[in-house]
Amino acid sequence: MGSQEVVEVKFRLADGSDIGPSKYSPSTTVGSLKEMILSQLPQDEVNGPKTINDVKLINAGKILENDKTLAESRSPVSEVPGGIITMLVVVRPHIPHKNNDKLQDGFPKQGSCPCAIL
């Protein structure tokens, strides 16, 4: 690969830490980048991300789609030639399946205040 055939990207997490920078082919999909990020995040968190749909990548204020490539997702206005692209990583907590919100008897869980206003 020549120097113009790679894109150098680092990923900024919510806590201010970074993953990378690493070099990727412009044909790399956003979905595969998310898989790489998932593999490097701590797996012991209860509400941590479970799938790539729980992770959002943002570049130049735009949420990137899983099926788009890096070449399609780049923003030439905000990039410095030969520079490293910094993408923000937003992790959405994993939401349990709706059936888990019901009690054993089939009734939905009550809120913390069982008050009735008359």
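The first residue in the sequence is number 1, and the count goes up from there.
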Euclidean distance, K10 NZ relative to S22 OG, rounded to 0.5 Å | 11.5 Å
L13 and L41: side chain to side chain contact (heavy atoms under 4.5 Å, CB included), yes or no, with the steps?
-> CA-CA 10 Å; L13 303 174; L41 291 175; 4.2 Å; yes
Any salt bridge (Lys or Arg N to Asp or Glu O under 4.0 Å) pairs touching residues 22-36, not counting sequence neighbours?
-> none
OG of S73 to CD1 of I58, rounded to nearest 0.5 Å, is 12.5 Å
Smallest heavy-atom separation, T69 atom then P26 atom, equals CB-O, 3.4 Å
Validation row: L33, L64 side chains within 4.5 angstrom (heavy atoms) = no
F11 CZ to N59 CG distance, which is reported to the nearest 0.5 Å | 9.5 Å
Heavy-atom closest pair, residues L70 and M87 = CD2-CE, 3.6 Å
Within-4.5 Å side-chain heavy-atom neighbours: N66 and N53 = yes
Taking all heavy atoms of S17 and all of D15, pick out the closest pair and write down the distance.
-> OG-OD1, 2.6 Å
Does K62 have any salt bridge (charged side-chain N to carboxylate O under 4.0 Å, His left out) partners at least two apart in sequence or in another chain, and if so, which?
-> none
Is there a path from Y24 to I84 through hydrophobic residues (I, L, V, M, F, W, Y) whose side chains come within less than 4.5 Å of each other?
-> no
Check the hydrophobic clustering (I, L, V, M, F, W, Y; side-chain heavy atoms under 4.5 Å; chains of links allowed) and say if L88 and V7 are grouped together.
-> no
In the single-linkage hydrophobic clustering (I, L, V, M, F, W, Y; side-chain heavy atoms under 4.5 Å), do M36 and I85 co-cluster?
-> yes
Co-membership, hydrophobic cluster, residues V90 and L57, 4.5 Å side-chain = no
Of all the heavy-atom pairs spanning P49 and V55, show the shortest one and how long it is.
-> CB-CG2, 4.0 Å
